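First up is the structure itself, then whatever we jot down about it.
Keep in mind that this is a model prediction, so the values were computed, not measured. Here is the naming used below: chain letters follow the sequence lines, and residue numbers restart at 1 for every chain.
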2 protein chains.
Amino acid sequence: MTEAQAKPNGPMPSAQMERKLAKAVERAQQAFMEKNLRFTQLRQDVFAEIAATHASIGAYDILARLAEKGTRLAPISVYRAIDALLEAGVIHRLESKNAFFACRRIEHRTGRRPIFLACENCNGVQEVDSDGIFETIDRLSAAASFQPRVKFVEVSGLCEACRPGKD
Amino acid sequence: MTEAQAKPNGPMPSAQMERKLAKAVERAQQAFMEKNLRFTQLRQDVFAEIAATHASIGAYDILARLAEKGTRLAPISVYRAIDALLEAGVIHRLESKNAFFACRRIEHRTGRRPIFLACENCNGVQEVDSDGIFETIDRLSAAASFQPRVKFVEVSGLCEACRPGKD
DNA sequence: TCGGAAACGTTACTTTATACCACCGGGCCG
DNA sequence: CGGCCCGGTGGTATAAAGTAACGTTTCCGA
Ligand SMILES: [Zn+2]
Ligand SMILES: [Zn+2]
Ligand SMILES: [Zn+2]
Ligand SMILES: [Zn+2]
């Protein structure tokens, strides 16, 4: 896993990946500005690392990758950056895996919640529209006199590419 | 926050609690028999500890409570018991809290999935019928060419008893 | 009754996450 | 200008959650 210079992360041409990553970072910056939060260097570095994987990644993996690039950090620093990124809504937390991934849908930052489809093989995550699930949850909660605050809908399985019996 | 949770259902005489717990243990035993699994002493102890809280409880809390009663165990032993209890379907795991609670709906052992309403104040958990949510998830997964394996829907919030602004 | 599988004990370890305290740098008040 | 607050950061240490490895015991069916 040592490459000349750039991110060795997938079958996509490095240049194109770089461009996409830069765009994602730019969008993140925008999100921070809109919420009057500071997109510091550390936060940017951590976000870039998460966005670069195009999958879910654990806090300590981020730590390790940054370390490889010369940025040695304490875990707490990464977690603080992650907290800020979560607050800005530019990443999501995958509860079932204790991992994080970059949000690719701008509308999530305005309160709209998706559901997460997490591949057990490649760690890729799809965010798909909840199609009324959260409304149903609200209704069920109300019927149970329960006041919902945070709702998690996560599905673990296999994505199309990782599915067996297809070639 | 490991001690003395208020029960969602108010104070209950100790004798009655004992009786309820005994019943729960008995039902668990039944479930183990039906699945040809062994309801060993360790598993029974761990289950009793979980069922006694009437709320979600972490593995290390179980460990501590058993230790107080003279049963000193290694973490792995508790986790092995938990695995068996999960397999038998007599407890559920709350992914968003890394905690476990006793199932109070027999029908869950036959594949029917509920959604979980977890109180952030008292740690009580309600299991309510999913009312088609899981079917919706299946549909959304199919539309995304995703093959689901494990699904969970968890809601974190406040139960009726813990709700502010009501007395 | 004996042989293999399941359960358990013990030790050590990994992974995930937070507490605590000091410091720095920019905005703000006097 | 000078002192102060405050959010962000660095560093150390430690808590919390979960697992690997390996040997021993217990159970159960042939
Ligand atoms: Zn998103
Ligand atoms: Zn995949
Ligand atoms: Zn249940
Ligand atoms: Zn409550």
Exercise: do A:Glu95 and B:Ser96 side chains pair donor with acceptor under 3.5 Å
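There is no such pair (donor and acceptor under 3.5 Å, judged by atom type) between the side chains of A:Glu95 and B:Ser96.
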Between B:Ser77 and C:dC8, is there a contact of a side-chain N or O with OP1 or OP2 at under 4.0 Å?
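It does not, given that no N or O in the side chain of B:Ser77 lies less than 4.0 Å from OP1 or OP2 of C:dC8.
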Phosphate contact (C:dC8 OP1 or OP2) by B:Arg72 side-chain N/O below 4.0 Å:
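Checking B:Arg72 against C:dC8: no side-chain N or O falls below 4.0 Å of OP1 or OP2.
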For the side chain of [X], starting at C-beta, report the closest nucleotide among [options].
X	options	value
B:Tyr60	C:dA17, C:dC8, D:dA17	D:dA17
A:Thr40	C:dT10, D:dT9, C:dC8	D:dT9
B:Leu42	C:dT10, D:dG10, C:dG9	C:dG9

If only atom types and distance count, is the side chain of [X] paired as donor or acceptor with the main-chain N or O of [Y] below 3.5 Å?
X	Y	value
B:Arg105	B:Glu127	yes
B:Gln29	B:Phe39	no
B:Arg163	A:Ser145	yes

Between [N] ([atom2]) and [X] ([atom1]): distance, integer Å:
X	N	atom1	atom2	result
B:Asp83	D:dT19	CG	P	7 Å
A:Leu63	C:dT16	CG	C1'	11 Å
A:Leu85	D:dT9	CG	C1'	15 Å
A:Asn36	D:dG7	CG	P	14 Å
B:Gln44	C:dA7	CD	C1'	16 Å
A:Asn98	D:dA15	CG	P	20 Å
B:Ile62	D:dA16	CD1	C1'	14 Å
A:Leu37	D:dC6	CG	P	18 Å

With nearest nucleotide decided by heavy atoms, which residue, B:Lys97 or B:Arg80, maps closer to the 5′ end of DNA chain D?
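Comparing both residues, the 5'-ward one is B:Lys97.
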Comparing A:Gln41 and A:Pro75 on DNA chain D - which has the more 5′ nearest nucleotide:
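The residue whose closest nucleotide sits nearer the 5' end is A:Gln41.
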Does the protein touch nucleotides 24-30 of chain D at the base, only the backbone, or not at all? Give it as B, S and - per nucleotide, heavy atoms under 4.0 Å.
---S---
Would you kindly compare B:Ala81 and A:Tyr79 by the position of their nearest DNA chain C nucleotide and give the one closer to the 5′ end?
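Nearer the 5' end of the strand: B:Ala81.
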Are A:Val128 and B:Val150 connected, step by step, through hydrophobic side chains (Ile, Leu, Val, Met, Phe, Trp, Tyr) whose heavy atoms are closer than 4.5 Å?
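In one cluster with A:Val128: B:Val150, no.
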Got a salt bridge between A:Glu87 and A:Lys35, using NZ or NE/NH1/NH2 to carboxylate O under 4.0 Å?
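So A:Glu87 does not pair with A:Lys35 through a salt bridge.
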Identify whether any heavy atom of A:Arg43 sits under 4.0 Å from a base atom; if not, whether one sits that close to sugar-phosphate; answer base, sugar-phosphate or nothing.
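Result for A:Arg43 = sugar-phosphate.
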Do A:Phe116 and A:Phe152 make the cut of ring centroids closer than 6.0 angstrom?
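No: the rings miss the under 6.0 Å criterion.
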